[in-house]
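Encoded as structure tokens, the structure appears first; notes follow it.
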Amino acid sequence: MQLNQHAPSATPRNHELPPLKAQSYTSDRQVWPGETVFPDYTSQNCIDWWVDEYERFSREIKHDALWIDMNEVANFKKGSTKGCADNNLNYPPYTPKILDEVMYSKTLCMDAKQAWGNHYDVHSLYGYSMVLATEKALQRVFGGNRTLMLTRSSFPGVGKYSGHWLGDNAANWNDIKWAIPGMLEFGLFGIPYIGADICGFFDNSSEELCRRWMQVGAFYPFSRNHNAQGYKPQDPAAYGADSTLVESSKHYLRIRYTLLPYLYTLFYKAHTTGETVVRPVMNEFYSDSATWTVDRQFLWGKHLLITPVLDPGVDRVRAYVPDAVWYDYETVLFPSSLPDLGETYLVRWEIGNRRVPAPTAIQRSMQTG
């Protein structure tokens, strides 16, 4: 969230929020509202202000959750509208090969002052500090009631308070594939409520791509179809009320909702013991070296295997099924008796004496080697 420094505020004048300080210049920035100042969420005064502002806002607009964005911190200017001072923070002795080859490209000047230190030292903590402040605001407004926070910027530990999505992807077959390892990585980072923008954020999605993405996206912990302004609508209904995409989306979202008790149990374990919700196949079959490179399948907990279709123009995929007893989710058949299906189907597998339903978007070919 950014603040337009010229916009009216519910905050009284004697409680105005000062912008981040700089050594020798006025640090004006620009984001969606125009000229923008960025609160210093590492300051206790700012946290108190933020909680008060959010409480006032909640009385004007009723809502259930909060989504905070652009908090890397993102800036449409290089540092500020007036540039950045010539010093060792803005121009350190070594600058890596980064955007525009300056440290402050699309963000703040590195010598901006925060309570925790120079922005140079705490840049990666900006979103994290905003999450901590926002958690206090949510507690003030919602008390003991359940709510939700989503943040684009993250840091290890943020998963205790907030969910995360994988940022601005695009409507292409490459990004639907990369969403899986990205999601698995954030699970390992301790951020279990994770997902990608289904059907892509940038560009127009084809019906086939969006259909496949809705299928796999039904099993993202954070499942959201979302795209940018200026592109064609991509909610399932936009492709036609009787489209294959609509029917397929209904089918897999119903499975998601059917399995919510299992998903909620995984989140409870993530909260209490630090387990992952989505996890690589190798996590449960680490002695099987063939699972070490599997990055187009994933598990919900120990028991649910998802193998989606991630390529165009195919009606079957080859899945690696580790050594366990498997069942088709919808027919409860063993693999040896599975029908020759051209569309996706679901399996479940058994550990010990428990049979646990497990959705998977794998197709006909199933093998153990």
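Note that these values count all heavy atoms, side chains included, but never hydrogens, waters or copies made by symmetry. In this text the structure is predicted, and so the values were computed from the model without any measurement.
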Pair H226 + F201: ring centers closer than 6.0 Å: yes
Pair R146 + D64, salt bridge at N-O below 4.0 Å: no
Nearest-0.5 Å distance that lies between atom NE2 in H119 and atom CG in L108: 4.0 Å
From CA spacing to verdict: side-chain contact (heavy atoms from CB on, under 4.5 Å), I98, M103: CA-CA 8 Å; I98 54 178; M103 298 291 288; 3.9 Å; yes
Electrostatic pair E60:R56 at N-O distance under 4.0 angstrom: no
Value rounded to 0.5 Å, distance of OH in Y220 from CD1 in I194: 10.5 Å
Parallel, tilted or perpendicular: ring planes of F142 versus H63, cut at 30 and 60 degrees: perpendicular
Check: W67 ring centroid to W165 ring centroid under 6.0 Å: yes
Steps toward side-chain contact (heavy atoms from CB on, under 4.5 Å) verdict (R296, V317): CA-CA 11 Å; R296 295 178 63 157; V317 295; over 6 Å; no
From S154, S153, S162, residue fulfilling side chain to side chain contact (heavy atoms under 4.5 Å, CB included) relative to V131: S162
Gap between atom CG of N75 and atom NZ of K77 - 0.5 Å precision: 8.5 Å
Heavy-atom side-chain contact between T151 and V158 under 4.5 Å: yes
Intermediate values then yes/no, side-chain contact (heavy atoms from CB on, under 4.5 Å), Q297 and I306: CA-CA 6 Å; Q297 301 170 256; I306 298 97; over 6 Å; no
Joint hydrophobic cluster, L266 plus L260, side-chain heavy atoms closer than 4.5 Å: yes
Y128 and Y41, any side-chain heavy atoms less than 4.5 Å apart: no
Interatomic distance, C109 atom SG to N87 atom CG [nearest 0.5 angstrom]: 9.0 Å
R152/D168 salt bridge by N-O under 4.0 Å criterion: yes
F267 and Y264 aromatic centres sub-6.0 Å: no
